[in-house]
Number of protein chains: 2
Amino acid sequence: MAEKDGGKALRAAPAEGAPRRSQPPLSIKDIARIARVSHPTVSRALQNSPLVNAETAEKIRRIAEEAGYRASAVARGLVTRRTRSIGLVVTTVADPFAGEVACGVEQTANDHGYSVFLADSNADPERERKVVRAFAERRVDGIIVTSSRVGALYLPMLAEMQVPIVLVNDQYPGAFVHSVMIANFEGMRAAAEHLIALGHRRIAYLGDQFGYQSDAERLAGYRAALGTAGIPAPAELVADGDGKPEAAMAAMEKLLALERPPTAVCCYNDMSALGAMRRIGARGLRVPEDISVSGFDDLFFASYLQPPLTTVRQPMRRMGRMAMDSLLRLMSGEESVPRIRVDAELVVRASTATARAD
Amino acid sequence: MAEKDGGKALRAAPAEGAPRRSQPPLSIKDIARIARVSHPTVSRALQNSPLVNAETAEKIRRIAEEAGYRASAVARGLVTRRTRSIGLVVTTVADPFAGEVACGVEQTANDHGYSVFLADSNADPERERKVVRAFAERRVDGIIVTSSRVGALYLPMLAEMQVPIVLVNDQYPGAFVHSVMIANFEGMRAAAEHLIALGHRRIAYLGDQFGYQSDAERLAGYRAALGTAGIPAPAELVADGDGKPEAAMAAMEKLLALERPPTAVCCYNDMSALGAMRRIGARGLRVPEDISVSGFDDLFFASYLQPPLTTVRQPMRRMGRMAMDSLLRLMSGEESVPRIRVDAELVVRASTATARAD
DNA sequence: GAATGGGCCGTACACGTGTGCAAAAAGGGG
DNA sequence: CCCCTTTTTGCACACGTGTACGGCCCATTC
């Protein structure tokens, strides 16, 4: 056996040295040869197994350290059938909301020794299938999906892959999957109530026509606040954006063109509010003197706008952490809370003010 | 041989069925058994190798498809010694700049069949070492690092890991690594020249005290413009932020408190401009009537600010794509352009205007 | 009809790690 | 000194895929 190993090693090293420009990284067997033990002993030593003699283990660890040995997660993943990696699907990581969530996910993942594969779906179902397929081939131990518009679509994949999935602010309510959701209804209701308390009676809602569930819930919260206060919410005051500034500008334009334009507008999110405020300013109107504007998310720029944006805060990074925590629990076999609901907090700033006297 | 395989399969399937809740994903051998061929034939068929009979290959592919077989990238990576994955290091993916770059990297990576590991360094050297170590263990084929403040630190790791690295806007100029860099000097010089052309004579620079190289280059561009125009740039007009709005507010405060405050300020980046504008507004001054402000990056919110921000555009997503393209070339053994320089484009909006008459 | 050759397939390994089991070594008691 | 227990180590395999090599079958050629 020593002959076989030694022979191979001797052949491999110099023979490959010349033609190959980069020699492969050292393996557990290389360390074993140096330490004059068998490779299983090295394996056990590096895992701090109590099955190996303390000083032998120490010696092996020292040699491995000095040689700059890095255990192959690939080989380990093959034999243990656990890669200690997860897949993170996001519409696009360039979106500030997704970026914050990803940040939270990544940090807790790394803290627990997991690596995360990032994939942008671009809200394209075709691409979405592709990235999940890639995750399946990578044998990820779990998957987190943010703001998917096709959350339910993951269920069959889940069944096929046998891998736990956690959704963050997904758009399908009924599905019995694990998820971390913001309190859309209560959050938007609080924003609307705030505007009502400021004396507004003509309050618009600038939504996300593709937002499905979260948009529906926020719209419901807006309606509930108005309903309770006995304020009408005519259809003309509900405008459709797409969650981005550009479409929000067009939607705001429509609202401003109304015979009786609103004196306040609840936006689906901060990106929409960005577009709305821009349009209002472009029309020579002022926020909040002429129109009050509220957002949702509390993205980093909200407090730096002129005027600072009143908005409903989502603890995005924390939600990412919570999603990862939940996934960690699921991956270790424990059951986790199926649907985690996160409270939203109204942050009042200067973009909302008392209504102008009609 | 049929006996051995069959026997093992028969034992494995029902014996494991009861206690294990999830059976392992099907392997190439399972497909081979169904198709009544050997597993190498399946392997070749799925790779579209010409070494296997066309109709046999077709049949195998059909069976694999119907069975929902997903080849294990883990096992393939072990034998081919190429994982078709890369590592992406970023200070934090919550930063809009990093998010855009990551988006570009991820897209081209996926288009070429590569998966990307995401890791936030938080500008913490300790954590940075940790993530690179993780990448080494994952046996990534390449690494991309954005805006690292310790770019040179990667050189020894590079040597150790035998893996190509591409840096995006790194902070060390002299190092002979591959990188994609924005034209910091020319970009900021253009911004300063623009302000000079508007009649400004007292122009400040709000920099990034930790920005090292990119800050130094942008500051040099600013100085060059002023120097050429014969305009003094006293030290009091160079204030230090940290590239984020909060510190920029403090820096702006100092500039405003000067005996002769500036009539224009060139900010290191858009995030700094955000803070600067906020502070200016809070002091009851107006942009651009009282003070002109310019940024750098052209982040998504720049055109939606009040007033829209004049800034120097960095094609961030494209830079991410270029970095990945460069890395793809390096990984396939070709040589690539060592330092790719990307032109910056001044985008004039409404945050800059002609100087007030003194 | 035998030799040659090409197309196609299977056998045998390799990749680097983890682990059950047996064997060896060490220690302790009679 | 031997036997038994405990500690420590090595052997043999497994994980799922890729590939060099040899062999089989069939067609072609001398």
Side-chain angles (χ1 to χ4, degrees), chain A residues 1-5 8-9 11-12 16 20 23-33 35-60 64 69-84 136-139, chain B residues 1-5 8-9 11-12 15-16 20 23-33 35-60 64 67 69-84 136-139:
Chain A
M1 35 106 205
E3 193 181 37
K4 198 173 76 184
D5 262 344
K8 184 196 135 211
R11 259 188 294 109
E16 278 192 304
R20 297 280 300 172
Q23 60 275 31
L26 337 78
S27 80
I28 212 173
K29 292 185 186 173
D30 298 320
I31 305 300
R33 190 155 23 80
R36 301 186 177 281
V37 292
S38 67
H39 75 267
T41 301
V42 176
S43 173
R44 285 186 268 254
L46 295 180
Q47 297 176 75
N48 296 323
S49 161
L51 289 168
V52 322
N53 180 287
E55 48 187 326
T56 310
E58 184 49 42
K59 177 179 129 201
I60 292 174
Y69 167 76
R70 294 290 132 91
S72 165
V74 177
R76 178 181 300 144
L78 182 58
V79 53
T80 62
R81 313 174 78 94
R82 304 196 62 239
T83 56
R84 292 187 79 80
E137 296 187 350
R138 297 283 174 188
R139 299 291 192 266
Chain B
M1 33 108 203
E3 195 179 36
K4 200 172 76 183
D5 263 343
K8 183 197 136 208
R11 258 188 296 109
E16 277 193 304
R20 298 279 299 173
Q23 60 274 31
L26 335 79
S27 80
I28 212 175
K29 293 186 185 174
D30 298 319
I31 305 300
R33 190 156 22 80
R36 302 185 175 284
V37 292
S38 68
H39 77 267
T41 302
V42 176
S43 174
R44 284 185 269 253
L46 296 180
Q47 296 177 77
N48 296 324
S49 161
L51 289 167
V52 30
N53 179 286
E55 48 186 325
T56 309
E58 183 50 41
K59 177 179 129 200
I60 292 173
Y69 167 76
R70 294 290 132 89
S72 165
V74 177
R76 178 180 299 143
L78 181 58
V79 52
T80 64
R81 312 173 79 92
R82 305 196 61 239
T83 54
R84 293 188 78 80
E137 296 188 349
R138 299 282 174 188
R139 300 292 193 262

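Every chain is numbered from 1, with letters handed out A, B, ... down the list of sequences. Computation of the quantities below employed the complete heavy-atom set of this structure, encompassing side-chain atoms and omitting hydrogens, waters and symmetry-equivalent molecules.
Sorted by first then second residue, the salt bridge (Lys or Arg N to Asp or Glu O under 4.0 Å) pairs that include residues 39-60 of chain B, not counting sequence neighbours, are B/Glu58-B/Arg61.
A straight line from CZ of A/Arg82 to P of C/dG16 spans 23 Å, rounded to a whole angstrom. We find that CD of A/Glu137 is positioned 15 Å from P of D/dG16, with the value rounded to whole Å. Between the P atom of C/dT17 and the NZ atom of A/Lys29 lies a distance of 9 Å, rounded to the nearest Å. With rounding to whole Å, A/Ile60 atom CD1 is found 10 Å from D/dT9 atom C1'. Distance, B/Arg139 CZ to C/dC15 P: 13 Å, rounded to whole Å. Atom C1' of nucleotide C/dG6 and atom CG of B/Asn53 are separated by 14 Å, given to the nearest angstrom. In this structure, CZ of B/Arg33 is placed 12 Å from P of D/dG16, rounded to the nearest angstrom.
Nucleic acid contact for B/Val74: none, since no nucleic acid atom lies under 4.0 Å from a heavy atom of the residue.
Here the side chain of A/Thr56 is nearest to one of D/dT9, C/dT17, D/dG16, namely D/dT9. Considering only the side chain of B/Ala75, D/dT17 comes nearest among D/dT17, C/dC15, D/dT9.
At D/dG10, one or more side-chain N or O atoms of A/Ser38 fall inside 4.0 Å of OP1 or OP2 (strictly under the cut-off). Close to C/dG16, at under 4.0 Å from its OP1 or OP2, lies a side-chain N or O of B/Arg81.
In terms of modelled atom types and a separation under 3.5 Å, the side chain of A/Arg36 and the main chain of A/Arg33 share no donor-acceptor contact.
Closest approach of B/Val74 and A/Gly77 over heavy atoms only: CG1-C, 4.1 Å.
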ask   = Which letters describe nucleotides 18-25 of chain C, given B = protein heavy atom under 4.0 Å from base, S = only from sugar-phosphate, - = neither?
value = BBB-----
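Under the side chain to side chain contact (heavy atoms under 4.5 Å, CB included) criterion, B/Arg84 pairs with A/Arg138, B/Arg82, B/Tyr114, B/Asp141, sequence neighbours left out.
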query = Are A/Tyr69 and A/Val42 close enough, and set up right, to give a side chain to side chain contact (heavy atoms under 4.5 Å, CB included), and what steps lead you there?
reply = CA-CA 11 Å; A/Tyr69 167 76; A/Val42 176; 5.7 Å; no
Intermediate values then yes/no, side chain to side chain contact (heavy atoms under 4.5 Å, CB included), B/Ser72 and B/Arg76 = CA-CA 6 Å; B/Ser72 165; B/Arg76 178 180 299 143; over 6 Å; no
inquiry  = The test is side chain to side chain contact (heavy atoms under 4.5 Å, CB included); show your working for B/Arg139 and B/Arg81 and say whether it passes.
reply    = CA-CA 8 Å; B/Arg139 300 292 193 262; B/Arg81 312 173 79 92; over 6 Å; no
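In terms of position along DNA chain C, the nucleotide closest to B/Leu51 lies nearer the 5' end than the nucleotide closest to the other residue of the pair B/Leu78 and B/Leu51.
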